[in-house]
2 protein chains.
Amino acid sequence: MAPADGATGATHLKRVGRRRVLETIRRVGKIARIDIAQETGLSPATVTAATSDLMNAGLIEEVAQDLGGTVKRGRPRVLLRLRAKAHLVAGVKIAHRRASVLIADFEGKEIASADTDLPSARMTADGLMQEIARAVAAACACAGIASADLSGVGVALAGQIDATSNFVHWSSSLTDRNVDFGTDPAEGAPWPVFFDNDANLVAKAEHLMGEGRGVDNFLVVTVEHGVGMGIVIDGKIYRGVHGCGAEFGHTKVALDGALCQCGQTGCLEAYLGDYAVLRAAGLTPAMDAPADIGLVQKAALAGDARAQDALTRASDMFALGMANMINLFDPELIILSGAQTCFDHLHSPKVTEKIQNSVLRIDAPLPDIRVHQWGDLMWARGAATFAIEQISLRTIQTMAQNAA
Amino acid sequence: MAPADGATGATHLKRVGRRRVLETIRRVGKIARIDIAQETGLSPATVTAATSDLMNAGLIEEVAQDLGGTVKRGRPRVLLRLRAKAHLVAGVKIAHRRASVLIADFEGKEIASADTDLPSARMTADGLMQEIARAVAAACACAGIASADLSGVGVALAGQIDATSNFVHWSSSLTDRNVDFGTDPAEGAPWPVFFDNDANLVAKAEHLMGEGRGVDNFLVVTVEHGVGMGIVIDGKIYRGVHGCGAEFGHTKVALDGALCQCGQTGCLEAYLGDYAVLRAAGLTPAMDAPADIGLVQKAALAGDARAQDALTRASDMFALGMANMINLFDPELIILSGAQTCFDHLHSPKVTEKIQNSVLRIDAPLPDIRVHQWGDLMWARGAATFAIEQISLRTIQTMAQNAA
DNA sequence: CAATATATTTTGACACGTAAATTAATAGTG
DNA sequence: CACTATTAATTTACGTGTCAAAATATATTG
């Protein structure tokens with residue numbers, strides 16, 4: 001067994017409690033202390049103490065007004081909510097040649113956003129930090145705030161990352177390997193930067209602010225150029241031992257199957273990803289234009305047999321992959337998250353039926369499968385959510401220390 | 001968020017601590033208090049309190065003597081170990097037409113074992129309980145103990161089971177569905193009975209007493225007639241929301257592939273299971289003789305091309321499935337557990353190479369993959385281990401209550 | 001035997017959560 | 001409009017757990 005992580009005993013309990021209370025408030029939106037006690041199982045006394053701490057730290061506030069409708073007698077409940085102005089954060093998604101930035105308040109509300117071109121697809125660690133700073137500065141300018149007003153910046157990278165230690169083993173955006181970005185405000189930047197894998201961050205966003213609110217065991221699947229997954233187990237992102245699990249897109253669904261970007265064959269992604277469907281349909285995307293499934297769908301509707309086959313095969317393989325995940329994880333919910341992804345060919349009664357027929361317990365109801373269209377800022381939003389969470393945790397940590 | 005499970009606050013902490021201490025002792029075998037403190041991160045004072053409680057409860061004892069070799073000065077450390085005589089338990093595996101029973105002491109050491117034929121493959125809940133009682137009684141007779149001397153009985157069933165509430169949603173051994181076996185000593189039996197899924201119980205046995213000791217994230221794969229899996233995450237069995245996950249054998253590895261026992265096609269099991277390999281090799285098992293992979297291996301060695309193909313395809317598919325698990329779970333360790341299973345064709349440098357070539361991060365080392373040959377009593381042993389764990393937890397629970 | 005080293009136990013202090021009592025703030029009621 | 005009933009939130013007093021430090025136990029070394 002691992003030695004306890006420094007925090008044994010009661011001090012640790014306090015942090016956990018404060019965190020539970022804050023998460024409950026975030027999840028429900030507006031909630032009275034008495035209901036927090038109900039939800040969390042803590043006593044009203046403890047909730048009073050916790051909320052008092054959180055208010056002193058500025059993370060939450062009392063909402064001036066009533067809940068209108070229900071007029072009951074007795075002392076009226078005082079609703080609490082997040083204090084949106086508590087912090088400003090930025091979320092940055094580093095894509096192939098582009099960084100997109102979202103500035104958000106502590107509630108997660110979008111304040112501003114901006115896209116920046118990157119000089120190259122792969123950079124050194126220092127180079128990446130500079131680009132992040134540049135992109136964030138540009139977004140701050142849009143928002144009319146100073147870069148120094150941000151409390152923290154979350155960054156979503158493709159790659160293998162140990163989020164707890166801010167250590168990037170490997171990323172497709174970095175030329176360096178095994179970079180330790182440390183835990184303090186970065187050099188040349190006034191705020192701390194928190195790195196994590198992009199798919200994990202979408203899962204985090206779904207958990208805290210999306211379709212996964214209040215659900216503690218679910219999967220998040222993204223289908224774009226590649227196919228990604230985030231796993232939430234017991235309310236926590238599951239990362240595996242080295243932080244390189246959840247590679248749904250590279251699970252094999254055939255022996256000697258289609259050729260994948262990764263160089264191997266038979267990966268699910270090689271049937272599902274944008275590039276794969278276009279390839280199978282015999283279409284070539286215009287130079288620099290993003291591969292667009294819409295083209296294939298249009299062709300299929302127009303009667304193009306090859307396009308139809310490509311879509312059918314993609315949906316067959318998708319159903320097979322989904323059934324595999326259900327057979328393995330038995331999740332409560334699967335969220336199909338996309339920025340602009342069209343899930344029409346992947347989420348239909350027909351596909352659901354295929355999934356149902358490939359799940360072992362055929363008579364059991366399938367888990368809830370929901371499509372969540374986030375829009376272009378999905379990935380950046382995940383990063384921003386991560387920053388909010390990290391800031392919250394740090395604040396709670398400091399809070400617990402100060403008490404001593 | 002789920003409301004706290006009744007146990008908030010400090011009382012709960014105590015139970016967790018006691019449990020950690022007991023698990024450490026079980027894992028290490030003989031250990032001094034000071035080392036327990038080291039391992040668990042608890043303070044020596046707390047360890048003294050905990051071990052004192054555990055000794056009063058009779059679960060552990062001081063071992064009379066030294067550790068011989070190293071003569072150091074200072075007060076000599078006193079080693080602690082489980083008190084084997086603390087409890088006797090039975091583990092029962094219900095198979096198609098046969099129940100096998102293992103009687104073990106609190107350390108898990110085998111006291112006796114016995115097999116019993118079952119009148120039918122599927123029974124009512126009452127019928128099953130009677131058969132369990134009969135089989136256990138027979139084993140007790142062998143061991144020369146009274147049935148009432150047992151503190152508890154664990155039962156391994158194929159099926160979907162909620163182990164925390166002892167609720168069997170469905171089992172291949174039961175005609176009834178949704179049977180609640182309750183938490184108290186069963187009717188007609190002097191001891192409490194603890195049910196769980198058989199694959200989960202093998203995983204539990206590996207975790208507490210097998211190759212998974214001290215490892216908190218690993219997979220256990222069993223290949224016999226069917227193909228099963230147990231998942232350990234953060235030191236706990238992962239069960240999914242309905243308790244029907246980890247169906248590794250029924251993940252699909254091909255569209256429209258081989259026909260599986262479950263009625264579907266392309267299941268991994270339809271390439272790997274005993275019956276599948278014999279089928280592919282064109283051999284028919286003798287009536288009532290267990291399907292024996294050895295036959296196929298012999299034929300292959302003798303130059304039978306069809307047998308060779310069957311084995312090659314099985315190992316190809318196995319490698320593919322293993323790679324999928326690694327890509328998804330990124331585990332620290334995968335244990336191939338078998339009673340008598342011969343893993344020769346599934347665990348060789350050739351297969352390892354195939355796995356390596358199908359894992360996304362090709363340059364990363366594979367997780368440790370170990371074969372564990374338990375012998376015939378593997379399944380029953382899992383059930384006995386479960387009983388030991390449940391008894392321990394109950395004792396600790398009572399301990400914590402009594403303090404108040 | 002004194003000095004030193006190491007393991008364990010005891011003691012006293014501190015932190016946390018909670019039940020119960022108290023205070024606060026409202027609606028009904030005659 | 002006082003007065004009561006009712007519900008929410010806070011304060012108080014207390015029990016429990018862990019831990020640091022001190023005390024104790026038991027060995028070796030010189």
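The chains referred to below are lettered A, B, ... by the order of the sequence lines, with proteins before strands, and numbering in each begins at 1.
For B:S43, a side-chain nitrogen or oxygen approaches OP1 or OP2 of D:dC19 to under 4.0 Å. The side chain of A:T48 places no N or O atom within less than 4.0 Å of a non-bridging phosphate oxygen (OP1 or OP2) of D:dA9.
Residues satisfying the side-chain contact (heavy atoms from CB on, under 4.5 Å) test with B:R213, not counting sequence neighbours, are B:R27. With sequence neighbours excluded, the residues that form a side-chain hydrogen bond (donor to acceptor under 3.5 Å, both in side chains) with A:R394 are A:T183. In this view, A:S151 and A:H87, A:I391 satisfy the side-chain contact (heavy atoms from CB on, under 4.5 Å) rule, not counting sequence neighbours. Every residue was checked against the side-chain hydrogen bond (donor to acceptor under 3.5 Å, both in side chains) condition with A:T48, not counting sequence neighbours, and none meets it. For A:A49, the side-chain contact (heavy atoms from CB on, under 4.5 Å) criterion is met by A:R18, not counting sequence neighbours.
Here C:dG17 presents its C1' atom at 12 Å from CZ of A:R20, a figure rounded to the nearest Å. Here the C1' atom of nucleotide C:dG17 and the CG atom of A:D53 are 13 Å apart, to the nearest Å. Taking atom CG of residue A:L79 and atom P of nucleotide D:dA9, one finds them 9 Å apart after rounding to whole Å. For the pair B:L80 CG and C:dA7 C1', the interatomic distance rounds to 12 Å; values are reported in whole Å. Counting to the nearest Å, the P atom of D:dT7 and the CD atom of A:Q38 are 14 Å from each other. When rounded to the nearest whole Å, the span between CG of A:L13 and P of D:dG15 equals 20 Å. Straight-line distance from the CD1 atom of B:I36 to the P atom of C:dT6: 20 Å, rounded to whole Å. Following rounding to the nearest Å, B:K14 (NZ) and C:dG17 (P) show an atom-to-atom distance of 18 Å.
Comparing A:V47 and B:A45 by the nucleotide of DNA chain D that holds the closest heavy atom to each, the one mapping nearer the 5' end is A:V47.
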Open item on the list: How would you summarise protein contacts on nucleotides 23-30 of chain C per nucleotide, using B for base, S for sugar-phosphate only and - for none, with heavy-atom distances below 4.0 Å?
Closed with: -BBBBS--
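Here the nucleotide nearest the side chain of B:R18, chosen from C:dC16, D:dT18, C:dT18, is D:dT18. The side chain of B:R77 approaches C:dA7 more closely than any other nucleotide in the set C:dA7, C:dG17, C:dT18.
At the heavy-atom level, A:V78 lies under 4.0 Å from the strands shown only through sugar-phosphate atoms.
The aromatic rings of B:H207 and B:F218 lie tilted to each other, with the angle between the two planes from 30° to 60°.
The only member of B:V21, B:L79, B:I36 that meets side chain to side chain contact (heavy atoms under 4.5 Å, CB included) when paired with B:I31 is B:I36.
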